[in-house]
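Notes follow once the structure below has been shown.
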There are 2 protein chains.
Amino acid sequence: MKPSKKHCLTQQEIEEQLRGAGVQPTLQRILICQFVLCEADHPTAEEVHLWAEKNLAKISLATVYNTLNTLVDAGLLKELKFPHSDKVIYDDNMEEHYHFLDRKSGKLFDIAKGDVKISAQLAKQFQIQGFDLLINGNYQRDLKKGGSL
Amino acid sequence: MKPSKKHCLTQQEIEEQLRGAGVQPTLQRILICQFVLCEADHPTAEEVHLWAEKNLAKISLATVYNTLNTLVDAGLLKELKFPHSDKVIYDDNMEEHYHFLDRKSGKLFDIAKGDVKISAQLAKQFQIQGFDLLINGNYQRDLKKGGSL
DNA sequence: TAGGAGATTAGAATAGTTCTAAACTTAGAT
DNA sequence: ATCTAAGTTTAGAACTATTCTAATCTCCTA
């Protein structure tokens with residue numbers, strides 16, 4: 001069972017990433033990066049705020065939004081919106097990719113672009129520049145024998 | 001140049017459709033159906049409201065929302081949400097289909113399911129039930145010689 | 001150790017939609 | 001024609017997610 005944390009970064013590394021992206025590495029920003037770049041999985045602003053409140057005595061919701069927007073502008077985070085929710089979802093996977101939505105849990109999974117083939121035969125008026133694809137269905141963990149539940 | 005109206009219905013036919021779907025055909029509902037089922041193309045609630053105000057002396061925004069939700073529940077209309085806008089968009093095309101978004105104009109086009117082939121090679125944990133696909137790009141009208149602009 | 005740019009903050013504002021509770025309309029039984 | 005009950009419409013309040021505003025705070029540079 002591998003850990004679900006994608007990539008753990010030290011505070012140093014986060015500071016460097018921020019500075020490299022032209023963003024002043026303040027306490028609040030470093031903390032939020034720790035969460036959104038290392039721990040979280042498709043969090044909403046609300047989830048980031050909740051987490052930040054636990055890990056930083058005092059932080060305002062406005063700062064959470066400001067920071068998330070700053071990170072998006074700096075190219076460290078992607079902003080996503082899906083039909084099943086009105087909340088913006090943040091994704092630190094900066095590769096172009098698609099998503100799978102588990103209908104039961106509402107949980108999102110990244111799907112590599114290479115795992116899906118899309119071919120569209122459209123009238124030539126339609127000049128395709130990109131696809132937004134949300135696959136929805138059922139995520140069934142522990143399918144293999146000896147699943148650990 | 002064929003008219004863009006998809007299917008024109010008489011007031012009678014609309015009343016029948018409503019009754020058939022178990023919805024009382026009130027004046028407001030018939031009027032709104034006239035617009036969303038016959039005239040409009042992917043309207044928002046706001047657009048429906050604007051149109052309704054012009055064609056019916058007095059109608060409240062609440063009624064517009066109530067009616068649209070009633071039509072969705074009755075299976076006469078689909079509710080769509082896309083990442084480029086926070087507004088719900090209504091679609092009277094009840095076939096399963098995809099959409100094309102013209103980046104410049106923000107205009108949406110229905111894309112028949114058969115015009116697009118999607119094949120996903122995912123781990124078997126992912127049991128696919130459906131795809132939400134938004135193709136985005138450039139809609140270039142008048143590509144053929146003799147375009148009428 | 002003062003100046004100033006930039007960051008943070010609380011709370012107001014905004015947008016889109018839903019809720020509430022009262023008034024109105026309608027359908028059906030008489 | 002009349003009554004009643006159920007269903008519809010309405011204005012405005014409420015709600016949710018997010019952005020804005022303007023004051024305060026921080027901290028780099030000189």
Side-chain angles (χ1 to χ4, degrees), chain A residues 14-15 18-19 21-36 42-53 55-74 76-91 106, chain B residues 11 14-16 18-33 35-36 42-53 55-74 76-91 106:
Chain A
I14 288 173
E15 287 196 37
L18 287 172
R19 251 188 278 270
V23 175
Q24 224 177 271
T26 65
L27 180 58
Q28 288 88 336
R29 286 171 179 171
I30 293 165
L31 252 279
I32 286 176
C33 280
Q34 214 129 72
F35 185 58
V36 298
H42 299 102
T44 62
E46 197 192 4
E47 284 161 7
V48 175
H49 186 217
L50 252 70
W51 182 92
E53 277 181 326
N55 292 76
L56 193 62
K58 185 163 166 302
I59 190 158
S60 80
L61 184 54
T63 300
V64 171
Y65 277 104
N66 288 345
T67 299
L68 291 169
N69 287 335
T70 300
L71 296 175
V72 169
D73 292 347
L76 297 172
L77 218 50
K78 257 188 193 163
E79 210 178 283
L80 302 172
K81 266 192 284 178
F82 294 107
H84 70 288
S85 161
D86 284 335
K87 302 181 187 179
V88 168
I89 278 161
Y90 295 92
D91 195 339
Chain B
Q11 187 151 322
I14 288 173
E15 287 195 36
E16 275 158 37
L18 286 173
R19 252 187 276 270
V23 175
Q24 226 178 267
T26 64
L27 180 58
Q28 289 89 335
R29 286 170 178 173
I30 294 166
L31 251 281
I32 287 175
C33 279
F35 184 58
V36 297
H42 298 102
T44 61
E46 197 192 4
E47 283 160 9
V48 175
H49 187 217
L50 253 72
W51 182 91
E53 278 181 326
N55 292 75
L56 192 62
K58 186 163 165 304
I59 189 157
S60 80
L61 184 55
T63 299
V64 171
Y65 277 105
N66 289 344
T67 299
L68 291 169
N69 288 335
T70 299
L71 296 175
V72 169
D73 292 347
L76 297 172
L77 217 51
K78 258 188 194 162
E79 209 179 284
L80 302 172
K81 265 192 284 179
F82 294 106
H84 70 288
S85 161
D86 283 335
K87 301 180 187 179
V88 168
I89 279 160
Y90 295 92
D91 195 340

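A note on names: the letters A, B, ... follow the listed sequences, proteins ahead of strands, and every chain is numbered from 1. Note that this is a predicted model, so its numbers are computed, not measured.
Closest approach to the A/T26 side chain among C/dT17, C/dT8, D/dT8 is made by C/dT8 (side chain taken as heavy atoms from C-beta onward). You'll find that the side chain of A/S60 is closest to C/dT9, out of D/dG12, C/dT9, C/dT17. Nearest nucleotide to the B/K58 side chain, out of C/dT18, D/dA11, D/dT18: D/dA11. Distance from the side chain of B/K87 is smallest for C/dT17 among the nucleotides D/dT18, C/dT17, C/dA10.
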Side chain to side chain contact (heavy atoms under 4.5 Å, CB included) between A/L18 and A/L71, worked out: CA-CA 8 Å; A/L18 287 172; A/L71 296 175; 3.7 Å; yes
query: Does the side chain to side chain contact (heavy atoms under 4.5 Å, CB included) test come out yes or no for B/N55 and B/F35, once each step is laid out?
result: CA-CA 10 Å; B/N55 292 75; B/F35 184 58; over 6 Å; no
message: Checking B/E79 against B/Y90 for the side chain to side chain contact (heavy atoms under 4.5 Å, CB included) test, could you report, in this order, the C-alpha distance in whole Å, the side-chain angles of both residues, the deciding distance, and whether it holds?
response: CA-CA 5 Å; B/E79 209 179 284; B/Y90 295 92; 3.9 Å; yes
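How far CG of B/L68 is from CZ of B/R29: 11.0 Å, rounded to the nearest 0.5 Å.
A straight line from NZ of A/K81 to C1' of D/dT16 spans 14 Å, rounded to a whole angstrom. The distance between atom NE2 of B/H49 and atom P of C/dG16, rounded to the nearest whole Å, is 13 Å. Atom CD of B/E53 is separated from atom C1' of D/dA11 by 13 Å (rounded to the nearest Å). For A/L27 and D/dC27, the CG to C1' distance is 13 Å, given to the nearest whole Å. Between the C1' atom of D/dA17 and the CZ atom of A/F82 lies a distance of 17 Å, rounded to the nearest Å. We find that CG of A/D86 is positioned 13 Å from P of D/dT19, with the value rounded to whole Å. The nearest whole Å value for the distance from the CD1 atom in A/I89 to the C1' atom in D/dT18 is 15 Å. Note: CG (A/L68) to P (D/dA17) measures 15 Å, nearest angstrom.
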Restricting both atoms to N or O, compile the protein contacts to nucleotides 1-6 of chain C shorter than 3.5 Å, with distance only.
none

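Contact of the A/D91 side chain with the A/L77 side chain is not registered, since no non-hydrogen atoms from C-beta on lie closer than 4.5 Å.
Classification of A/K81 and B/D86 as a salt-bridged pair holds, one side-chain N sitting under 4.0 Å from a carboxylate O.
Phosphate proximity of C/dT17 to B/Y65: present, with a side-chain N or O under 4.0 Å from OP1 or OP2.
Using a 4.0 Å heavy-atom cutoff across all strands shown, A/N66 reaches at least one base atom of the nucleic acid. Among the heavy atoms of the strands lying under 4.0 Å from A/T63 is at least one base atom, whether or not backbone atoms are also near. Nucleic acid contact for A/Q28: sugar-phosphate only, since backbone atoms but no base atoms lie under 4.0 Å from a heavy atom of the residue.
Listed for the B/T63 side chain is no donor-acceptor partner under 3.5 Å among the backbone atoms of B/I59.
Comparing B/R19 and B/V88 by the nucleotide of DNA chain C whose heavy atom lies nearest to each, the residue mapping closer to the 5' end is B/V88.
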